[in-house]
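Report on the following structure.
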Amino acid sequence: MKVNSMNYDFRKIEAKWQEYWAKHETFKASNNSDKPKFYALSMFPYPSGAGLHVGHPLGYIATDIYSRYKRHKGFNVLHPMGYDSFGLPAEQYAIQTGQHPAITTENNIKRYREQLDQLGFSFDWSREVRTSNPQYYKWTQWIFIQLFNSWYNKKSDKAEDIVDLVALFEKEGNVIVEAVCDEDTPIFTADEWASFSEKTKQEILLKYRLTYLADTEVNWCPALGTVLANDEIVNGVSERGGHPVIRKKMTQWSMRITAYAQRLLDGLDKIDWPQPLKDSQTNWIGRSEGASVTFNVISSDSEKSQDTIEVFTTRPDTIFGASFMTLAPEHDLVPKITTEAQKAEVEAYVEATAKRSERDRMADIKTISGVFTGAYAEHPFTKEPVPIWIGDYVLASYGTGAVMAVPCGDQRDYDFAKHYNIPIPNIFEGVDISEEAFADKANTVIANSDFLNGLSYKEATKKVIAELERIGHGQGKVNYRLRDAVFSRQRYWGEPFPVYYADGMPQMIDEEHLPLELPEVEKYLPTETGEPPLGNATHWAWDRLKAEVVSNDLIDHVNVFPLELNTMPGWAGSSQYFNRYMDPRNDEAIFSKEAIGYWQDVDLYIGGSEHATGHLLYSRFWQKFMFDKGYVPKDEYAQKLINQGMITGSSAFVFRLLLEARQADSIYDKKEVEDFYSKLLSGNPVLVSKRIRNQLVHTQDSLPFDNLKIRLKDLFFKLENEVKSKFPEAELVSIDFDRRIGGIVPIHADVSLVNASDELDIEAFKEWQPEYKDAEFILEEGKYIVGREIEKMSKSKYNVVNPDAICEEYGADSLRLYEMFLGPLEQSKPWNTAGITGVHSFLKKMWRLYETIEDVEPNKDNLKTLHKTIKKVEEDIENFSFNTSVATFMICVNELTAQKCTSKAILEPLAILISPYAPHIAEELWELLGHAESIAEAPFPKFEANYLVESSKEYPISFNGKLRFKLELPLDMGKDAIEAAVMAHEKTQEQLQGRTPKKVIVVPGKIVNIVG
RNA sequence: GCCUUGGUGGCGGAAUUGGUAGACGCGCUGGAUUCAAAAUCCAGUUCUUUCGGGAGUGUGGGUUCGAUUCCCACCCAAGGUACCA
């Protein structure tokens, strides 16, 4: 018999075991082992200056529970952590303060590490990576070079070395080669290739490389000298400063992700990722089948060369219904084809469109706008002239930036045609299109369409494509919405490109000279001439002979060349980090063949769904590229992925009553009076408690106001006196409530000032906001109750909760359990610290359960409790349903406490069960149970079903589906016997009151339902 | 707008395949203990009621002996929408 008389001192216990794990490297993973491997990964964080809030660890705790569980199950577990440490906030901070982002980042990481450490994660810290570390980004640069030196061969359907492409060009030109390349790539023979200058050859190769330079449209803010993200633009102006933003073309690096569009789509079938996430990738890639059709522009000037407009349509079968065309206002042809008469109007429209964001244009379907260019295209079959319009509902970046508008078959085209009185020819048989377009493919029968008459959608599509091909006006085509990814950023704090420019052409720095480290700059802003921040570096030129970075003064374009001024985007560093963890200190290669051969891929990846189409798509693209080049064995890097939901904050509000003062005469200067009032009234705030606020808002009569006024008599009297002493001549002054709707304003209060019952600590509040030092608080039942609302956690809403204070007060084990207990991992849920006392008292109760440990045989009840817990917890972990297992632990401890269980045979397995969730207390109890080694690798308890066998069941007996009473019957009783027993029961007769039931439904082991 | 997810007591949530709605916890109410408080323990807690019962899982329909669960329509909220990460 062993007695533990200590209290649950979580501070001591948690510090002790965190130290033990660090000292013994308990969680260090080996790159070879007899055990099966398991790679559990959490998305690494961006180390922001605000530190971790309680939302961050949610996914980490889940991954940690699973990792620890797998260790108990006998796996060699890799569970690493690192930092995605390049990013905009550090740069912004640098711009404001001059502090080097590397220093800020280092400090932030230090703080993150402290916060992570105190939560007791089983990370193998020896494998930490930081994307901003030159030893790490050396390999990001290396991958960039590999992409530059590759092209996509459609025949083999994979990336291949650019050298092979050059060999093909030398042999046969580019006519036979099937490669993914730019649209405007010219066609040449082997002889022509040989005759090209070196520069021309390089220019052509750029059209094939998997990373290449191209002109792409960006949101340019001239005032800030920078490119903005869509979400940095509000109503067409920059969020910071409110400067105008325009769409502008810029030469930037792009990644030819479109080459992988089909494989990225197909790969989704092989991986166990959440369906919504797969859906958003599928939609993002946006595969659609249809036809590309070429329309000739009808030229008034016969000397002009023939202009053509290419459109992509998913409904080529409706081509005879095309009554106009719409081009994106940015379309190249617009300035060329616009007639003199329409010029002014078109130019104004193009300019106006340049100010709208793409999202704006897509979201806004209510306002119909467009302008006629004055030009016409020729219908490929009817040869009729088709007017060419421009409209901002057509986006330049999707398809060809031009649509053939078929108003009878497409609602947007229909609305446009109606709005501008363009004819709407009906080409559907038996369909009324006087009110709306008809877009139902399945019930389509084509009419008024020459050779397509009477055909279905499928038949007509097939026939029209064949006909288009025959007359040379188009062909069947698969189109993807996916665009090549822009890879340049005009920022300082990112990976530099290993690129210099000779004769205007990009050249790669040899791999052996990597990493190319970020240069020092004076200022982190764009240069005065609008170049990216690296343009401020004075030491940013490449000496090809010395193979080193030298001063810009030495640039001679012979041996010393300017380096690339852009940096890589945020997603560069995160696109292969999961593989780098396998061999993070390797200086010779991104990872060794042995390391990748052993770990292969990630078994479980947990992170936020907001990365669905960013990181999670780009990293799949890079993985496929790495696979093509033979560097990795799997073309999908994560077998299973779970999205954890967001933890939102529950903001607290106090309600401020607006007061107004009225004056009957006008002796004094109006402005002076108003200023005095506004100052006086704002200096004497009145805050009302929640229920009173609700009464005031919802009431029609003035009774609550009158009551309030009585309560505030003194205050009103005081205010009126102040007014009178200031304006003694004023005849009548009255202070009253401003009763306009919404005349009560909610004001955020810091959530730490509010207790579990939503009661505000008034004294603390006054101290927190000196503005309310002398405020009047109108209470309900002696308390000030705040309003609550769920919002995103953010500093400005005063609803951010840090894990530090919680760890200090309740301990990491309580926090871990509580984060899991909040609700399903995948769902977003609000945080409310108050509830943590529940799991904390559970841990204390559990600790008390181990006060006495005896080597006695467990009884039947003990075993039943233990084994149903084992069963449920194991199922829950496998299903990532961690919230329900916390409830299961509580039930288990409640039952064992009630049973006064002291048996070691029960308490020992229970400690292992809970160890993934609450590892510190589990280790301490394990030691108490007499073990010298860590609990980390103790085998997981085995479930035995025979302890749960029941002999009887309490049947719910319902009448017409409503439960009326319960009846205990043996489980092995047959259907007929159950029916007989139920019918014979006195309560049944009571319910039936002499009626004969129509039907009796008996489901053995479940329920009895009597109908009638 | 489009795509996705969600909607159950005062709150977070549970409910295995269509079979006892509200497990577990917070909060609240009452009690024990205490000089008092904290902590702890016990009991109660969906709403309504004439104490028989009745209603009830966002709203309105439907399928079924039986629907939180399946089907149809709608409403509301959150996330994503290509340079925030």
Side-chain angles (χ1 to χ4, degrees), chain A residues 43 45-46 48 84 86-89 92 218-219 226-232 252 274-277 279-280 282-284 358-366 393 397 412 481-483 485-491 569-571 574 608-615 617 643 645-646 648 650 755-758 788 790-792 818 821-824 826-832 834-839 841-842 844-845 848 872 875 879 881 883-884 886-891 894 954-966 997-1001 1003 1005-1012:
Chain A
M43 286 184 190
Y46 173 77
S48 82
D84 189 12
F86 273 133
L88 215 47
Q92 221 97 83
V218 295
N219 299 312
T226 184
V227 176
L228 298 176
N230 277 336
D231 62 39
E232 290 176 295
Q252 307 198 84
Q275 194 55 42
L277 195 152
D279 289 348
S280 55
T282 304
N283 291 332
W284 191 261
E358 273 194 15
R359 198 183 302 173
D360 221 33
R361 286 164 59 179
M362 277 189 289
D364 184 9
I365 57 157
K366 287 194 197 95
Y393 74 98
S397 53
R412 266 188 318 187
R481 201 178 71 103
L482 183 73
R483 313 203 283 256
V486 180
F487 199 66
S488 294
R489 296 291 183 270
Q490 296 70 45
R491 313 280 188 205
W571 55 270
S574 58
S609 61
E610 65 274 22
H611 300 285
T613 48
H615 161 61
L617 193 64
N643 287 132
M646 224 187 20
T648 46
S650 50
N755 75 7
S757 321
D758 290 348
R788 288 283 196 174
I790 305 304
E791 297 180 294
K792 216 170 178 166
Y818 187 52
F821 189 54
L822 276 181
E826 290 98 328
Q827 277 171 31
S828 89
K829 54 230 160 222
W831 180 266
N832 186 1
I836 201 172
T837 53
V839 290
S841 15
F842 155 71
K844 284 196 278 195
K845 194 166 178 182
R848 280 199 305 275
K872 178 77 175 133
E875 279 169 7
N879 293 322
S881 172
N883 54 326
T884 48
V886 178
T888 304
F889 287 130
M890 289 174 172
I891 294 166
N894 287 345
E954 193 179 32
Y955 278 94
I957 314 299
S958 27
F959 292 79
N960 297 320
K962 300 259 175 210
L963 174 76
R964 287 296 177 247
F965 66 95
K966 290 173 188 176
K998 287 191 194 124
K999 206 169 174 186
V1000 178
I1001 287 137
V1003 185
K1006 291 264 187 202
I1007 200 170
V1008 177
N1009 189 19
I1010 297 161
V1011 187

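Labels below follow one simple rule: chain letters A, B, ... track the order of the sequence lines, proteins then strands, and each chain is numbered from 1.
When the nucleotides B:rU20, B:rC83, B:rA82 are ranked by their closest atom to the side chain of A:Pro956, B:rU20 comes out on top. Listed nucleotides: B:rA85, B:rA82, B:rU40. Nearest to the side chain of A:Asp84: B:rA85. Comparing B:rG80, B:rC24, B:rA82 against the side chain of A:Thr613 picks out B:rG80 as the nearest. The listed nucleotides are B:rG25, B:rC83, B:rC3; the one nearest the side chain of A:Asn283 is B:rC3.
As rounded to whole Å, 14 Å separates atom C1' of B:rU4 from atom CH2 of A:Trp284. Protein atom CZ of A:Phe959 is 13 Å distant from nucleotide atom P of B:rG53, rounded to whole Å. Here the C1' atom of nucleotide B:rA77 and the CE atom of A:Met646 are 12 Å apart, to the nearest Å. The CD1-C1' distance, from A:Ile891 to B:rG25, rounds to 11 Å in whole Å. Rounded to whole angstrom, the span from the OH atom of A:Tyr46 across to the P atom of B:rC83 amounts to 18 Å. A:Arg489 has its CZ atom 12 Å from the P atom of B:rA82, to the nearest Å. When rounded to the nearest whole Å, the span between CD1 of A:Ile1007 and P of B:rG19 equals 9 Å. If you measure from atom CD of A:Gln92 to atom C1' of B:rC83, you get 12 Å, rounded to the nearest angstrom.
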Give each protein N/O atom lying under 3.5 Å from an N/O atom of nucleotides 62-71 of chain B, with the pair distance.
residue: B:rC65; atom: O2'; partner: A:Asn1009; partner atom: ND2; Å: 3.3
residue: B:rC65; atom: O2; partner: A:Asn1009; partner atom: ND2; Å: 2.7

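Rounded to whole Å, the C1' atom of B:rA14 lies 15 Å from the corresponding atom of B:rU46. B:rG58 and B:rA15: their P atoms are spaced 16 Å apart (whole Å). Straight-line distance between the P atoms of B:rG19 and B:rU81: roughly 39 Å, to the nearest whole Å. The separation of B:rU20 from B:rC11, taken at their P atoms, amounts to 24 Å, rounded to a whole angstrom. Taking atom P in both B:rU59 and B:rC76, one finds a spacing of 15 Å when rounded to whole Å. Nucleotides B:rU48 and B:rG30 have their C1' atoms positioned 22 Å apart, rounded to a whole Å. Using atom P as the reference point in both B:rC3 and B:rG54, the two lie 44 Å apart (nearest Å). Nucleotides B:rG60 and B:rG44 place their P atoms 34 Å apart, quoted to the nearest Å.
Comparing A:Arg481 and A:Thr837 along RNA chain B, the residue whose closest nucleotide (by nearest heavy atom) sits nearer the 5' end is A:Thr837.
Residue-level contact check: A:Ser488 touches the bases, meaning some heavy atom is under 4.0 Å from a base atom. Contact annotation for A:Val218: base contact, defined as any heavy-atom pair under 4.0 Å involving a base atom.
A donor-acceptor pair under 3.5 Å links the side-chain atoms of A:Lys829 to the main chain of A:Pro824, judged by distance alone. Remark: side-chain polar atoms of A:Ser958 are paired, donor with acceptor, to backbone N or O of A:Val1008 under 3.5 angstrom.
Side-chain atoms of A:Lys845 and A:Met890, non-hydrogen and from C-beta on, never get closer than 4.5 Å to each other. Put simply, the side chain of A:Val218 does not reach to within 4.5 Å of the side chain of A:Val486, judged on heavy atoms.
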Return a single string for nucleotides 5-16 of chain B, one symbol per nucleotide in 5' to 3' order, where B is base contact, S is sugar-phosphate-only contact and - is none, cutoff 4.0 angstrom on heavy atoms. S------BSS--

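Within the shown strands, B:rU46 is the pairing partner of B:rA55 under the Watson-Crick or G-U definition, both distances less than 3.5 Å.
Below 30°, between 30° and 60°, or above 60°: for A:Trp831 and A:Tyr818 the angle between ring planes is above 60°, a perpendicular geometry.
In summary, the side chains of A:Lys999 and A:Asn1009 do not present any donor paired with an acceptor at a separation below 3.5 Å, with no hydrogens or angles considered.
Regarding contacts with the backbone of B:rA39, every side-chain N or O of A:Lys844 stays at 4.0 angstrom or more from both OP1 and OP2.
With its glycosidic angle within 90° of 0, B:rG9 adopts the syn conformation. For B:rG56, the O4'-C1' to base torsion is more than 90° from 0; the nucleotide is therefore anti.
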